[in-house]
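Remarks on the structure that follows.
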Amino acid sequence: MARQPDGPPPPPTVQKLRLRYTKRGPLRFASHRDLARALERALRRAQVPMAFSAGFSPHPKISYMGAAPTGAASEAEYVEIGLSARCDPEAVRVALDASLPPGIDVLECVEAGEGTGGLAERLDATRWRIDLAGVDPAELGDAVAALLAADVVTVAKKTKNGPRDIDARAAVVSASVSEGAGCAILHVVVRQLTPTVRPDDVLAALAAVADLHPPLPPRAVREAQGRLDDSGEVADPLAQDREAGSRCQGEPQPV
């Protein structure tokens, strides 16, 4: 007979909260694992009543969604947490934000709406801003036009199992160019396929079709993450939870 864990079972999950947070400044170079550790420590400091998994090594119920790559900043990172007691979402946001280091800012916290489906299902596209210092906007515009005109653009992507050829063009929904201070700015919406096409893959595609090679390292910022709407824009993934208007059953506890 299998040995059962000692002690009482963990309390059930009575509330799910969905949070949007940032990754700014020097913290854009932090790995996903480092950010996860920082968030878990902040949840303990903020005394958020977390629900835990069962078994011999219980873990707080935290689900991370589509983390941005190391080196990229983000205004739209998402996480879902399970609570063992009902709390006011705004109180959780304020307490957690105060417990996190500068650069990880909790912008929003909403209760998961009943019957609205999973959060991961709403994250199938990303809007990126990529600043390319030393690149002429007209040159970038020509490269983008060449990319959009192509049916297939194969690039070598680094994976855990070594380099793999992928079609970067298939992921690009739209792309446009604007001019910044001493740089050209690429605005691009990409589908989150498998494997994920990231900013460096888009730049590799531009190099393949137009021999574009920025003289300085690019700076990428994830501006939005969500589901593609009918116009090709990235929709707010938390809108359904707000619209659901979920109401707490019983008095929410302060954090």
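In this text, all values refer to a predicted model and were calculated from it rather than measured experimentally.
Counting only heavy atoms from C-beta outward, the side chains of V189 and T126 never approach each other to under 4.5 Å. V92 places none of its side-chain heavy atoms less than 4.5 Å from the side chain of E111. Using a 4.5 Å heavy-atom cutoff, the side chains of R219 and V221 are not in contact. T13 places none of its side-chain heavy atoms less than 4.5 Å from the side chain of S84. The shortest side-chain heavy-atom distance between V190 and V173 does not fall under the 4.5 Å cut-off. In this structure, R93 and L19 have side chains that are not in contact, with every pair of non-hydrogen atoms separated by 4.5 Å or more. Under the 4.5 Å side-chain criterion, counting only non-hydrogen atoms from C-beta, L100 is not in contact with D105. Between R191 and D124, every side-chain heavy-atom pair lies at or beyond the 4.5 Å cut-off.
A donor atom on one side chain and an acceptor atom on the other are not found under 3.5 Å apart for N161 and T159. A donor and an acceptor atom, one from each side chain of D211 and H213, are located under 3.5 Å apart.
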- Please test S178 against H187 for side-chain hydrogen bond (donor to acceptor under 3.5 Å, both in side chains), starting from the C-alpha separation and ending with a verdict. CA-CA 8 Å; S178 64; H187 308 272; 2.8 Å; yes
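By the criterion of side-chain heavy atoms lying less than 4.5 angstrom apart, applied directly or through intervening Ile, Leu, Val, Met, Phe, Trp or Tyr residues, V209 is grouped together with V135 in one hydrophobic cluster.
Rounded to the nearest 0.5 Å, atoms CD (E90) and CG (L17) are 11.5 Å apart.
Here the two rings, on H59 and F52, have centers that are 6.0 Å apart or farther.
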